[in-house]
Amino acid sequence: MTQDALKQAVGQAAVDYILPHLEDHSIIGVGTGSTANCFVDALAKVKHKFDGAVASSDATAQRLKDHGIPVYDLNVASELEFYIDGADETNDQLQLIKGGGAALTREKIVAACAKQFVCICDDSKWVDTLGGFPLPVEVIPMARSYVARELVKLGGDPVYRQGVVTDNGNVILDVHNMNIGSAIELEQRINDIVGVVTNGLFACRPADVLLMGTKDGVKTVRV
Ligand code: 5RP
């Protein structure tokens, strides 16, 4: 099975997972990236079963609209039943690294508003220890050098993601070689640096369930 086929399988699995809980007024939180795109494409087939979606990026909002799914501002949606999104890495605690697509801040906000965060990925994202994937940090542009120096003090090697401006008008530092012992502590420590908007560790609010595509089928993982 190709990686694309695994992504399609988990996209469909996520629709199957939420479908029994959808009602006419339901609004679903939707993430960003190639796996989330597979979810959106599968979701479009059942768009008559729910009201609409809140998107974690402009790209996802456009894809939802292209499918005829109404897109709501998060401020007018009440609590979301589900947030569905991919990840760059996950460990067995369902703590994640996200932000490969530079959408980490809006992803974290929408995830925070959801009763259930359903992570979808193929099994290449499963790791024993987080940190092989460089940790994305969204930074206010004028604070870029200061934040980079602070990240070096924490033991990381930050690299400016050239040419990328987030949907919020900020920049991304990708932190290589970061020793992620306690993901919760590090998430909070990095977020305390002045100028950081947020970082791509999803440990304070991990996923609640993981649907992981493997060659033997989609596995459901809970902590
Ligand atoms: C975007 C993200 C994505 O969820 C993450 O990068 C995974 O993407 P893909 O499904 O394309 O592998 O965090 O900011």
Side-chain angles (χ1 to χ4, degrees), residues 29-36 54-63 71-77 80 83 85-91 93-114 117 119 121 125 127 129-207:
V30 184
T32 298
S34 56
T35 317
V54 168
S56 66
S57 65
D58 294 344
T60 293
Q62 190 57 55
R63 196 175 189 99
V71 176
Y72 289 96
D73 183 311
L74 183 60
N75 293 305
V76 302
L80 308 168
Y83 177 61
D85 198 1
D88 297 302
E89 282 187 349
T90 176
N91 64 16
Q93 297 303 299
L94 306 191
Q95 297 172 326
L96 314 172
I97 287 184
K98 293 184 46 54
L104 60 160
T105 300
R106 293 189 187 188
E107 291 172 341
K108 206 174 264 194
I109 293 168
V110 184
C113 295
F117 177 1
C119 184
C121 69
K125 309 292 181 73
V127 296
T129 309
L130 296 172
F133 189 91
L135 177 63
V137 181
E138 180 163 354
V139 178
I140 303 287
M142 72 173 289
R144 191 183 86 216
S145 297
Y146 168 72
V147 171
R149 289 194 295 277
E150 293 299 305
L151 289 167
V152 168
K153 286 183 199 164
L154 292 179
D157 298 324
V159 175
Y160 174 37
R161 203 183 292 180
Q162 296 279 350
V164 170
V165 177
T166 70
D167 288 348
N168 312 307
N170 299 314
V171 297
I172 299 283
L173 295 173
D174 291 307
V175 190
H176 295 248
N177 305 316
M178 189 60 111
N179 181 4
I180 304 179
S182 164
I184 292 177
E185 226 170 85
L186 187 64
E187 180 178 352
Q188 292 168 336
R189 179 71 193 83
I190 293 175
N191 284 347
D192 279 348
I193 300 171
V194 173
V196 167
V197 180
T198 198
N199 70 84
L201 276 170
F202 284 55
C204 297
R205 200 277 188 250

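Position 1 is the first residue of the sequence; numbering continues from there. For the numbers below, each heavy atom of this structure counts, side chains included, while hydrogens, waters and symmetry mates do not. Quick caveat: nothing in here was measured; it's all calculated off a predicted structure.
Under a 4.0 Å N-O distance rule, the pair Lys98/Asp88 does not qualify as a salt bridge. Here Asp58 pairs with Arg106 in a salt bridge; the nearest charged N to carboxylate O distance falls below 4.0 Å. Of the charged side-chain nitrogens involved, none lies within less than 4.0 Å of a carboxylate oxygen, so that Glu138 and Lys108 do not count as a salt-bridged pair. In this structure, Lys125 does not pair ionically with Glu89, as no charged nitrogen and carboxylate oxygen lie closer than 4.0 Å.
The nearest pair of heavy atoms linking Pro136 to Pro134 is CD-O, 3.1 Å. Of all heavy-atom pairs spanning Val54 and Ala77, the tightest one is CG2-CB, 4.0 Å. Across all non-hydrogen atoms, the minimal contact from Ala61 to Ala55 is N-CB, 3.5 Å. In terms of heavy-atom proximity, Ile97 sits nearest to Phe133 at CD1-O, 3.6 Å. Closest of all the heavy-atom pairs between Pro158 and Ala148 is CG-O, 3.5 Å. Of all heavy-atom pairs between Ile193 and Leu151, the closest is CD1-CD2, 4.1 Å.
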Side-chain polar contacts of residues 175-186 - donor-acceptor pairs under 3.5 angstrom, sequence neighbours left out - could you list them?
unit_1 : atom_1 : unit_2 : atom_2 : d
Asn177 : ND2    : Asp157 : OD2    : 2.6
Ser182 : OG     : Glu185 : N      : 3.2

Exercise. I would like to know whether Asn75 and Asp73 meet side chain to side chain donor-acceptor pair (under 3.5 Å); could you show each step before the answer?
Key: CA-CA 5 Å; Asn75 293 305; Asp73 183 311; 3.1 Å; yes
Practice problem: Determine, stepwise, if the pair Thr198 / Thr105 fulfils side chain to side chain donor-acceptor pair (under 3.5 Å). | Solution: CA-CA 6 Å; Thr198 198; Thr105 300; 5.5 Å; no
Practice problem: Could you please spell out the steps behind the side chain to side chain contact (heavy atoms under 4.5 Å, CB included) verdict for Asp85 and Val30? | Solution: CA-CA 6 Å; Asp85 198 1; Val30 184; over 6 Å; no
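When atom types are taken as modelled, the side chain of Thr60 and the backbone of Gly31 share a donor-acceptor pair closer than 3.5 angstrom. A donor-acceptor pair is defined here as one N or O able to donate and one able to accept, closer than 3.5 Å; such a pair exists between the side chain of Glu187 and the backbone of Ala203. Looking at Asn91, its side chain never comes within 3.5 Å of a backbone N or O of Leu96 through a donor-acceptor pair. Side-chain N or O atoms of Asn170 include none that pairs as donor or acceptor with a backbone N or O of Val197 at under 3.5 Å.
Because its NZ or CZ atom is not both nearer than 6.0 Å to the ring centre of Phe117 and within 45° of the ring axis, Arg205 does not count as a cation-pi partner of that residue.
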